[in-house]
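For reference, the structure is listed below as C-alpha cells.
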Amino acid sequence: QVQLVESGGGSVEAGGSLRLSCVVSGYTDSSGRCMGWFRQPAGKDSEAVAGIDSEGNTTYTDSVKGRFTVSKDNAKNILYLQMNSLKPDDTAMYYCAAAVNRFRCTIPAMNRVSFRYRGQGTQVTVSS
C-alpha cells in the first residue's frame, strides 16, 4: 500500500521560509517516474509547483523558480520542498504526489498527467 504523508506547513510572514517533507512508503521510484509537489489555493485549481524524476532532474513552475527547491532522500524515502522568500501568493494547500506512468517530468506534463498517489496535504499560509 502506497502512502504519502506531508508535514512542515504553517504560517509565516512574507520573506520567510518553510521546508515541507513528504514521507513515502510502498512506492517504487523507478526509472522514468516523476514525483513532485502541487498546491491548491482556496477556491482555485491545483497546479504543479515542482517535480523531480528518478534521476534527480528537477522542474519548477515559473513563479517559484529561484525560491523553491525540490529534493529527495532516497535512503529515507522522503521528498522535500524547501521554500524561501515566501510570498502571500504562495498561500495554499500543498500536496506531494507520485506517478505510476512514465513520462518526462516537466511542469506542463505534471499538470496534464493524473498522479496515482497523493498525500492529504499540508497548509501553507503567508501573511504580508
* Structure fact -> Taking every heavy atom of S21 against every heavy atom of I78, the minimum-distance pair comes out as CB-CG2, 4.2 Å
* Asked: Are side-chain N/O atoms of R33 and T28 paired as donor and acceptor at under 3.5 Å?
  -> no
* Flag yes if F115 and Y117 sit in one hydrophobic cluster, no otherwise; membership is Ile, Leu, Val, Met, Phe, Trp, Tyr, and two members link when side-chain heavy atoms are under 4.5 Å apart. => no
* Just wondering, do L81 and R39 contact through their side chains at under 4.5 Å, heavy atoms? -> no
* Asked: Just how far is it from atom OG of S128 to atom NZ of K87, taken to the nearest 0.5 Å?
  -> 13.5 Å
* Q123 side chain near T91 side chain, heavy-atom distance below 4.5 Å -> yes
* Asked: Any idea which heavy atoms bring F38 and S46 closest together, and the distance?
  -> CB-OG, 3.8 Å
* Asked: Taking the six-membered ring for Trp, are Y94 and F68 parallel (under 30°), tilted (30 to 60°) or perpendicular (over 60°)?
  -> tilted
* Hey, are the side chains of K72 and D29 touching, using non-hydrogen atoms and a 4.5 Å cut-off? -> yes
* Asked: Can you check whether Y95 reaches C22 side chain to side chain, under 4.5 Å on heavy atoms?
  -> no
* Asked: When rounded to the nearest 0.5 angstrom, what distance separates CG in N74 from CG in L79?
  -> 10.0 Å
* **More than 12 heavy atoms from other groups under 6.0 Å of CD on E13** => no
* Measure the shortest side-chain to side-chain distance between R104 and C34 over non-hydrogen atoms and say whether it is less than 4.5 angstrom. => no
* Asked: Can you get from Y60 to M35 by hopping between Ile, Leu, Val, Met, Phe, Trp and Tyr side chains that sit under 4.5 Å apart?
  -> yes
* Heavy atoms only: give me the nearest D53-C105 pair and the separation to one decimal. => CB-CB, 4.0 Å
* Asked: Salt bridge check: are K65 and D62 linked by an N-O gap of less than 4.0 Å?
  -> yes
* Please name the pair of heavy atoms, one in A109 and one in F103, separated by the smallest distance, quoted to 0.1 Å. => CB-CD1, 3.7 Å
* Asked: When you look at CD of Q40, are more than 12 heavy atoms from neighbouring residues, nucleotides or ligands closer to it than 6.0 Å?
  -> yes
* Taking all non-hydrogen atoms of both residues into account, name the closest pair between T61 and A48 and its distance. => CB-O, 3.6 Å
* To do: Could you tell me the separation between the CG atom of D90 and the OG atom of S85, rounded to the nearest 0.5 Å?
  => 9.5 Å
* Do L4 and V100 share a hydrophobic cluster, counting only Ile, Leu, Val, Met, Phe, Trp and Tyr and linking them when any side-chain heavy atoms are less than 4.5 Å apart? -> yes
* **Note, Y80 side chain near T69 side chain (heavy atom, < 4.5 Å)** => no
* Can you name the closest pair of heavy atoms from S31 and S54 and give their distance? -> CA-OG, 3.2 Å
* Asked: Mind checking whether V124 and V12 sit in one hydrophobic cluster, side chains of I, L, V, M, F, W, Y counted as touching below 4.5 Å?
  -> yes
* To do: Quick one: do T59 and M110 satisfy side chain to side chain contact (heavy atoms under 4.5 Å, CB included)? Show the steps, please.
  => CA-CA 10 Å; T59 184; M110 291 175 67; 4.0 Å; yes
* Can you find a heavy atom in the side chain of E6 that is under 4.5 Å from one in the side chain of L20? -> no
